[in-house]
Trainee: 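Quick one: structure below, then a few questions.
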Amino acid sequence: MSIFPKISLRLEVEKYLKEGFMNKEVVSAFGKQEAERKFETLLNHLSHPPSFTTVRVNTHLASVQHVKDLLFDELQKQFNGLSVPILQHPDLQDVLLIPVIGPRKNIKKQHCEVIVGAQCGNAVLRGAHVYVPGIVSASKFMKAGDVISVYSDIKGKCKKGAKEFDGTKVFLGNGISELSRKEIFSGLPELKGIGIRMTEPIYLSPSFDNVLPSYLFLQNLPSVVVTHVLDPQPGEKILDMCAAPGGKTTHIAALMHDQGEVIALDKISNKVEKIKQNALLLGLNSIKAFCFDGTKALKLNTVKDAEGKPPFLPESFDRILLDAPCSGMGQRPNMACSWTLKEVTSYQPLQRKLFTVAVELLKPWGVLVYSTCTITLAENEEQVAWALRTFPYLQLQPQVSVRNFS
């Protein structure tokens, strides 16, 4: 059920996406009118959270059933005894699904308001509380302990520290303020904890903040699917080219029973540290993470590097996962995107450069899985066509796109 407006996009971007979506195959299969309806439905779904919260079980440390039992107890505490089912995915045995309850319509709006940034608002719709850095505005006399209505500034127009805001805002639910307005906007950098504890969210989703952190990894379903498609095997040497924050990297290591070598690359140092932290937390020792630009991962000379650090010689890896940088516009919920068409289409040169390096690093008959998060397959189809032209010896087997739009 749609309670929010469809995702807000620049006209040029929406037109570009629609042209890609309304390709000959789609129009031929459904007819123009039905294809247009499906595109509008897609845009509406993007502004709403998915129907399920998806978590991956770290099967390296525990069985799925054991973790499922522990999670059931945790959710009972969170929802005050409300029985929320935990479902095991029928095809992906290490995935648990928790239904999202909502939208809930009988929540009374309060006079005291807090405005949060769009990213914070998206997190609230997925079950998070409101943390202080995400708060943009608060009512003049707000005190700790007040019941607060929380709104998302989806277009980024609210000024930091404002006492009221009459622009475009979306109601997210009610919560209890942990701090006063004065404390929130005191300017103290150490204020990073919970500012509003959500008690009546529009969409009721479990919070996974420090919930079974060694056993569970909060991960979108398509991100889990691509690792199963990669199908890593014990003893192999595998490369994750754009690895942060490490969800797919740690999944690869778990599916290999932590036997073999998983190389994770990312060019931003603090993100690499996050990969290392996640590997440590999940008890995985086969992962080696490096701060390195994936486009430079191919070693141009033939002198072997005994230390196993990047760059690497050609044909070094049994399998490679390339989760290439992209617009990320397929992430949900997402109520507004201010990107220009130039920004949306700017990733293709980088993606192709990474793909070219990946092909050179792959062993003969190795497996390369390319994944990305877009709301249309148009760009992916262009990339596949380019890959076939550039590397005619490759055997490409496109996988069915996983779209969690329900």
Trainee: Do the non-hydrogen side-chain atoms of His251 and Val224 ever get within less than 4.5 Å of each other?
Mentor: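 Counting from C-beta outward, His251 and Val224 do come under 4.5 Å.
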Trainee: Considering only NZ, NE, NH1 and NH2 on the basic side and carboxylate oxygens on the acidic side, decide whether Lys276 and Glu273 come within less than 4.0 Å.
Mentor: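 Yes, Lys276 and Glu273 are salt-bridged.
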Trainee: Do the side chains of Lys296 and Lys267 get nearer than 4.5 Å, heavy atoms only?
Mentor: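 Side chain of Lys267 against side chain of Lys296, heavy atoms only: no contact under 4.5 Å found.
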Trainee: Pairing donors with acceptors under 3.5 angstrom, does anything connect the side chains of His129 and Asp209?
Mentor: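 The answer is no; no qualifying pair exists.
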Trainee: To the closest 0.5 Å, what do you measure between CG (Leu361) and CD1 (Ile263)?
Mentor: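 One gets 11.5 Å once the value is rounded to the nearest 0.5 Å.
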Trainee: By salt bridge (Lys or Arg N to Asp or Glu O under 4.0 Å), which residues pair with Lys143, not counting sequence neighbours?
Mentor: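 Partners of Lys143 under the salt bridge (Lys or Arg N to Asp or Glu O under 4.0 Å) test: Asp146.
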Trainee: Could you state the interatomic distance from CG (Leu46) to NZ (Lys6), rounded to the nearest 0.5 Å?
Mentor: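 Spacing of CG (Leu46) from NZ (Lys6) equals 11.0 Å.
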Trainee: Between CG of Leu9 and CG of Leu341, what distance do you get to the nearest 0.5 Å?
Mentor: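 Nearest 0.5 Å value for the CG-CG distance: 11.0 Å.
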Trainee: So, applying side-chain contact (heavy atoms from CB on, under 4.5 Å) with Leu282, which one of Asn58, Thr249, Leu216, Ile287 is it?
Mentor: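 One option only clears the test, and that one is Asn58.
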Trainee: Begin with the C-alpha distance, continue with both residues' side-chain angles, and end with the deciding distance and a verdict on side-chain contact (heavy atoms from CB on, under 4.5 Å) for Val130 and Cys120.
Mentor: CA-CA 7 Å; Val130 176; Cys120 178; 4.0 Å; yes
Trainee: Surrounding CZ of Phe79 (heavy atoms of other residues, nucleotides or ligands, distance under 6.0 Å), is the total greater than 12?
Mentor: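 Yes.
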Trainee: What's the shortest heavy-atom distance between Ile98 and Leu71, and which atoms?
Mentor: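 Closest pair (atom of Ile98, atom of Leu71, distance): CD1-CD2, 4.1 Å.
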Trainee: Sub-3.5 Å donor-acceptor pair from the side chain of Arg104 to the main-chain atoms of Leu204, do we have one?
Mentor: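 Between the backbone of Leu204 and the side chain of Arg104 there is no qualifying donor-acceptor contact (under 3.5 Å).
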Trainee: Go through the structure and list residues passing side chain to side chain donor-acceptor pair (under 3.5 Å) with Gln233, not counting sequence neighbours.
Mentor: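 Partners of Gln233 by the side chain to side chain donor-acceptor pair (under 3.5 Å) criterion, ordered by chain and then number, come out as Asp231.
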Trainee: Tell me, yes or no, whether the heavy-atom count around Lys160 atom NZ, taken from other residues, nucleotides or ligands under 6.0 Å, exceeds 12.
Mentor: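 Result for NZ/Lys160: enclosed.
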Trainee: Does the Asp266 side chain pair with the main chain of Ile268, one donor and one acceptor, at a distance under 3.5 Å?
Mentor: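 Yes, Asp266 side chain to Ile268 backbone: donor-acceptor pair under 3.5 Å.
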Trainee: Using the ring of each side chain (for Trp, its six-membered ring), is Tyr151 parallel, tilted or perpendicular to Phe171, with breaks at 30° and 60°?
Mentor: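 Correct class here is tilted.
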Trainee: Tell me whether Ser8 contacts the main-chain N or O of Ala336 through its side chain, where contact means a donor paired with an acceptor under 3.5 Å.
Mentor: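 Here the side-chain-to-backbone pair does not exist.
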Trainee: For side-chain contact (heavy atoms from CB on, under 4.5 Å), just list the numbers for Phe52 and Leu221, CA-CA rounded to whole Å, side-chain angles, deciding distance to a tenth of an Å, and then say yes or no.
Mentor: CA-CA 10 Å; Phe52 295 92; Leu221 186 58; over 6 Å; no
Trainee: More than 12 foreign heavy atoms under 6.0 Å from CG of Leu82: is that the case here?
Mentor: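 Atom CG in Leu82 is crowded, with more than 12 foreign heavy atoms closer than 6.0 Å.
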Trainee: Between Lys363 and Asp318, does at least one N-O distance fall below 4.0 Å, as a salt bridge requires?
Mentor: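 Counted as a salt bridge, because a side-chain N and a carboxylate O are separated by less than 4.0 Å.
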Trainee: Check whether any side-chain heavy atom of Ile196 lies under 4.5 Å from a side-chain heavy atom of Val116, and answer yes or no.
Mentor: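 Sidechains of Val116 and Ile196: no contact.
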Trainee: Taking all non-hydrogen atoms of both residues, which atom of Ser286 and which atom of Gly260 are closest, and how far apart?
Mentor: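 Heavy-atom minimum between the residues: CB-O, 3.5 Å.
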Trainee: Can you check whether Lys288 reaches Lys309 side chain to side chain, under 4.5 Å on heavy atoms?
Mentor: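 Sidechains of Lys309 and Lys288: no contact.
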Trainee: Taking Asn174 for the side chain and Lys108 for the main chain, is one N or O donor matched with an acceptor at less than 3.5 Å?
Mentor: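 Answer holds: yes.
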Trainee: Is Leu354 close to Tyr370 at the side-chain level, that is, under 4.5 Å between some pair of heavy atoms?
Mentor: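 No, too far: nothing below the 4.5 Å cut-off.
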Trainee: Taking C-beta and beyond as the side chain, do Val124 and Ile202 meet within less than 4.5 Å on heavy atoms?
Mentor: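 Counting from C-beta outward, Val124 and Ile202 never come under 4.5 Å.
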Trainee: What residues form a side chain to side chain donor-acceptor pair (under 3.5 Å) with Lys38, not counting sequence neighbours?
Mentor: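 Lys38 satisfies side chain to side chain donor-acceptor pair (under 3.5 Å) with no residue once adjacent residues are dropped.
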Trainee: By ring-ring contact (aromatic ring centres under 6.0 Å, His included), which residues pair with Phe317, not counting sequence neighbours?
Mentor: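 Applying ring-ring contact (aromatic ring centres under 6.0 Å, His included) to Phe317 gives Phe312.
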Trainee: Is a donor on one side and an acceptor on the other found under 3.5 Å between the side chain of His60 and the backbone of Gly283?
Mentor: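 Flag set: sc His60 to bb Gly283 pair under 3.5 Å.
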Trainee: Quick one: side chain to side chain donor-acceptor pair (under 3.5 Å) partners of Glu34, sequence neighbours excluded?
Mentor: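 For Glu34, the residues satisfying side chain to side chain donor-acceptor pair (under 3.5 Å) (neighbours in sequence not counted) are Arg37.
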Trainee: Is the backbone of Pro5 close enough, under 3.5 Å, to the side chain of Ser47 for a donor and an acceptor to pair up by distance?
Mentor: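 Looks like yes, one N/O pair under 3.5 Å.
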Trainee: Parallel, tilted or perpendicular, judged at 30° and 60°: which one describes the rings of Phe4 and Tyr203?
Mentor: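 Plane angle between 30° and 60°, so tilted.
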Trainee: Got a second to check how far Glu14's CD is from Cys337's SG, nearest 0.5 Å?
Mentor: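 Atom-to-atom, Glu14:CD and Cys337:SG are 11.5 Å apart.
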Trainee: For the pair Asn220 and Gln331, evaluate side-chain contact (heavy atoms from CB on, under 4.5 Å) and give the outcome as yes or no after the intermediate values.
Mentor: CA-CA 9 Å; Asn220 288 327; Gln331 297 282 0; 2.8 Å; yes
Trainee: Do other residues, nucleotides or ligands put more than 12 heavy atoms under 6.0 Å from the NZ atom of Lys68?
Mentor: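 Yes, because the 6.0 Å sphere around NZ of Lys68 holds more than 12 heavy atoms from other groups.
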Trainee: Do Val57 and His66 have side-chain heavy atoms sitting under 4.5 Å apart?
Mentor: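 Result no, sub-4.5 Å side-chain heavy-atom pair not found.
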Trainee: Work out which heavy atom in Pro234 is nearest to a heavy atom in His257; give both atom names and the distance.
Mentor: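 Heavy atoms only, the tightest pair is CG-CD2, 3.7 Å.
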Trainee: Should we say atom CD of Gln88 is surrounded by more than 12 heavy atoms from elsewhere, each under 6.0 Å from it?
Mentor: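 It does: Gln88 CD has more than 12 such atoms within range.
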Trainee: If I compare all heavy atoms of Leu75 with all of Pro206, which pair ends up nearest, and what's the gap?
Mentor: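 Result for this residue pair: CD2-CB, 3.4 Å.
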Trainee: Carefully, step by step, assess Leu255 and Asp94 under the rule side-chain contact (heavy atoms from CB on, under 4.5 Å).
Mentor: CA-CA 10 Å; Leu255 290 179; Asp94 55 357; 4.1 Å; yes
Trainee: Partners of Pro314 by side-chain contact (heavy atoms from CB on, under 4.5 Å), sequence neighbours excluded?
Mentor: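 Leu298.
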Trainee: Just checking Lys237: does its NZ atom have more than 12 heavy atoms from other residues, nucleotides or ligands closer to it than 6.0 angstrom?
Mentor: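 Yes, enclosed.
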Trainee: Please check: side-chain N/O of Arg319 versus main-chain N/O of Pro232, any donor-acceptor pairing under 3.5 Å?
Mentor: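 Side chain of Arg319 to backbone of Pro232: no pair is present.
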Trainee: Keeping the roles fixed (side chain from Gln351, backbone from Pro325), state whether a donor-acceptor pair exists under 3.5 Å.
Mentor: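 Indeed, once roles are kept as given, a pair shorter than 3.5 Å links the two residues.
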Trainee: Taking atom types as modelled and ignoring hydrogens, do the side chains of Asn278 and Thr250 form a donor-acceptor contact shorter than 3.5 angstrom?
Mentor: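 No.
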Trainee: Please report the interatomic distance NZ(Lys248) to CG(Leu321), rounded to the nearest 0.5 Å.
Mentor: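 Interatomic distance, Lys248 NZ to Leu321 CG, rounded to 0.5 Å: 6.5 Å.
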Trainee: Would you check if the side chain of Arg197 reaches a backbone N or O of Gly175 as a donor-acceptor pair within less than 3.5 Å?
Mentor: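 Between the backbone of Gly175 and the side chain of Arg197 there is no qualifying donor-acceptor contact (under 3.5 Å).
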Trainee: Pro49 and Pro333: which non-hydrogen atoms are nearest, and at how many Å?
Mentor: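 That would be N-CB, 3.8 Å.
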Trainee: Is Glu343 salt-bridged to Arg10, cutoff N-O under 4.0 Å?
Mentor: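 No, this pair does not count.
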Trainee: Do Lys18 and Glu36 make a side-chain contact, defined as non-hydrogen atoms from C-beta onward lying under 4.5 Å apart?
Mentor: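 Of all side-chain heavy-atom pairs linking Glu36 with Lys18, at least one is under 4.5 Å.
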Trainee: Kindly compute the distance separating SG (Cys242) from NZ (Lys271), expressed to the nearest 0.5 Å.
Mentor: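 One finds 10.0 Å between SG of Cys242 and NZ of Lys271.
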Trainee: List the atom of Ser139, the atom of Glu113, and the distance in Å for their closest heavy-atom pair.
Mentor: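 Nearest pair, atom of Ser139 first, then Glu113: OG-N, 2.8 Å.
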Trainee: Can a donor-acceptor pair be found between the side chains of Glu40 and Asn44 at a distance below 3.5 Å?
Mentor: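 No, no side-chain donor-acceptor pair sits under 3.5 Å.
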